[in-house]
Amino acid sequence: MKMPMTVIVTRDVEARYRGFLASVLLEVAPGVYVSPDLSAGVRERVWNVVRDWYEALGRGAIAMIWRDSSCAGGLALRYLGDPPKEICDVEGILLVRKL
């Protein structure tokens with residue numbers, strides 16, 4: 001079974017995130033991490049660590065995106081912190097609305 005690509009984007013977070021995320025995913029640009037085949041279990045564990053740190057530290061923003069055909073637009077999205085834009089589902093299509 002093919003695993004979906006996962007992307008994590010961080011903005012204005014502590015350095016500990018960089019070390020942890022770079023140990024699991026490839027950092028392709030500052031604060032942008034990708035994995036072409038991260039399993040759902042590993043993705044969930046990574047998110048739990050990031051979420052726990054965010055709840056303790058409360059700084060910056062983090063977004064995790066991966067392909068999921070059961071979600072609107074075929075993408076699953078998770079956010080911590082305030083996203084700079086609002087993602088809206090309009091009849092199964094994801095649209096971005098500026099805030």
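- Of all non-hydrogen atoms in D68 and A76, the two that sit nearest each other are CB-CB, 3.9 Å.
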**OP:** Output, in order, the C-alpha distance, side-chain angles, deciding distance and verdict of side chain to side chain contact (heavy atoms under 4.5 Å, CB included) for D37 and S35.
**Re:** CA-CA 6 Å; D37 56 2; S35 175; 3.7 Å; yes
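- Atom CG of L80 is separated from atom CH2 of W47 by 3.5 Å, given to the nearest 0.5 angstrom.
- A pairwise comparison of heavy atoms in T6 and M64 identifies CG2-CG, 4.1 Å as the closest pair.
- Both V24 and I62 belong to a common hydrophobic cluster when Ile, Leu, Val, Met, Phe, Trp and Tyr are linked at side-chain heavy-atom distances under 4.5 angstrom.
- Both V49 and V42 are part of a single hydrophobic cluster, where members link through side-chain heavy atoms under 4.5 Å apart.
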Which pairs would a plain distance check flag for residues 51-58, meaning a side-chain donor or acceptor within less than 3.5 Å of a matching protein atom at least two apart in sequence or in another chain?
residue, atom, partner, partner atom, Å
R51, NH1, N48, OD1, 2.9
Y54, OH, G60, O, 3.3
Y54, OH, G81, N, 3.4

Subject >> Candidate pair T10 and V50, rule side chain to side chain contact (heavy atoms under 4.5 Å, CB included), full reasoning >> reply: CA-CA 10 Å; T10 63; V50 169; over 6 Å; no
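- Taking CD1 of I8 as the start and CH2 of W66 as the end, the distance is 9.5 Å to the nearest 0.5 Å.
- Cluster annotation: L25 and F20 are assigned to the same hydrophobic cluster (Ile/Leu/Val/Met/Phe/Trp/Tyr, side-chain heavy-atom contacts under 4.5 Å, transitive).
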Side-chain donor-acceptor pairs under 3.5 Å in residues 26-34, sequence neighbours left out?
residue, atom, partner, partner atom, Å
E27, OE1, R18, NE, 2.9
E27, OE1, R18, NH2, 3.4
E27, OE2, R18, NE, 3.1
E27, OE2, R18, NH2, 3.4
E27, OE2, G31, N, 3.2
E27, OE2, Y33, OH, 3.4

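- To the nearest 0.5 angstrom, L75 atom CG is 8.0 Å from R67 atom CZ.
- Linking ILVMFWY residues whenever their side-chain heavy atoms come closer than 4.5 Å, directly or via other members, places V9 and M5 in the same cluster.
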